[in-house]
Amino acid sequence: MVLENLVIPFQINNKIKGTIVRLSSVASQIIKNEYPRNINSIFADSISITASIGSRMKNDGVFSFQAHSEGVIKTIFVDLNNNSSVRGYISVNSFENIENLPFEKLISNGTLALNIKEGKFSKNYQGLVEIKGKSIKDAIDTYFNSSEQVKSFFKLFNIFNLSKYEPESNHIAGAIKLELMPEINDFKNTEKSNEDWKTILMFLETMNSEEFLNINKTSKQILLNLFGQYEIKIFDEINLNNNCQCSNERVLNTFKSMDQKDITYLFNKKKSIEVVCEFCKKIRVYSEQDLK
Ligand SMILES: [Zn+2]
C-alpha cells in the first residue's frame, strides 16, 4: 500500500524518454473535490500534465499550465516550480446544472497556454493553442504536435473517471508521458524506433485507470509491468509537494507597488481587509497602518 506524490523519469531503449506521474495528497489538496466529477476530472488531468512536463525546472524556474474558456470553466491554472512545489486553482462561470455537461460545454472557445520561466535573466517561453476536441488530452496532443519536432504521447488517469471515489485505495491523478527522440540521418534505426514506438503505445493503451491508480502497486512496478521487455532505465524519483510560495512579505510588496488612492479605495473606510491566497486559501488580515 503506497500513496505517492511522485514523478519518475525513465528511458526505453535509449530512444524514448518517458515520465510517470502518480499523485495522491498533492492533487487532492489542490482539487479539494469542490466541483462535480466532470470538472474535477479536467482539473486532475491538468495537474498531471503540469507534473509530467514541469518537474525538472532549474534556476528559479516555473512551469505553468493555463486554460481559459468561455464555457462553464473560466480558468484552470496550475504551476510547478524548481522546489517541486505544485499549486493550482480553477474558477467557473456558473454552478447551475453542470454535473452532466460534456467537455465541449465545460470548455468552449478555450485556449491552452504552457509557459516556462527560467531564472531572472533567461527568456520566457510561451506556447498557445486553441482547445478543440473532447478532452484536455486532445488539447495537449494538439499543442505538442503543432509546436515540436519530437513525437509525444500522453496517457492520463484520474480517480473521477472511476466508478467509485475511493481516495484511500487509489491515487487521485496520474499520467505517463512518452517522447520519441528523433534519429538524425539514420533511416534504418528510425524505422525500428517507429515500430517500437507503435508497440509501446499499444502496451500503454491496455493500461486502465483502475490498475494505474491502485495503491497496491508502486510506480516502478507499473513501469516494469508495462515496458519490462525493453531495456528500461528508471531515474531518481522527484517528490512533489504543496508548499505554497505565498508570504506576508509578498503581499506587502504587492501593496507597495499600488497607488495610495487605490489602497484607500480598497479599504473604503474599513478597519482591515482580508487577503486570501487563491492557491492555499490562507487568509491574511491587514490594516491600512500595516501598509505604511
Ligand atoms: Zn498560498
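In each ligand, atom 1 is the first atom listed, and ligand 1 is the first ligand listed. The figures that follow rest on heavy atoms only: side chains count, while hydrogens, waters and symmetry mates do not.
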* Mind checking whether F154 and F144 have parallel, tilted or perpendicular rings, split at 30° and 60°? -> tilted
* To do: Report the C-alpha separation of N161 and S41 in whole Å, then their side-chain angles, then the decisive distance to 0.1 Å, and conclude whether the side-chain hydrogen bond (donor to acceptor under 3.5 Å, both in side chains) test is met.
  => CA-CA 7 Å; N161 292 338; S41 167; 3.3 Å; yes
* To do: Return the orientation label for the Y286 and F255 ring planes: parallel under 30°, perpendicular over 60°, tilted otherwise.
  => perpendicular
* To do: Could you please tell me which protein N, O or S atoms lie under 2.8 Å from the Zn ion (ligand 1)?
  => C244 SG, C246 SG, C277 SG, C280 SG
* Between K177 and E179, is a salt bridge (charged side-chain N to carboxylate O under 4.0 Å, His left out) present by the stated rule, with each step listed? -> CA-CA 7 Å; K177 173 182 187 252; E179 284 174 302; 3.6 Å; yes
* Structure fact -> Nearest heavy-atom approach of R22 to F212 is NH1-O, 2.7 Å
* Asked: So, for F43 and Y35, is the gap between ring centers shorter than 6.0 Å?
  -> no
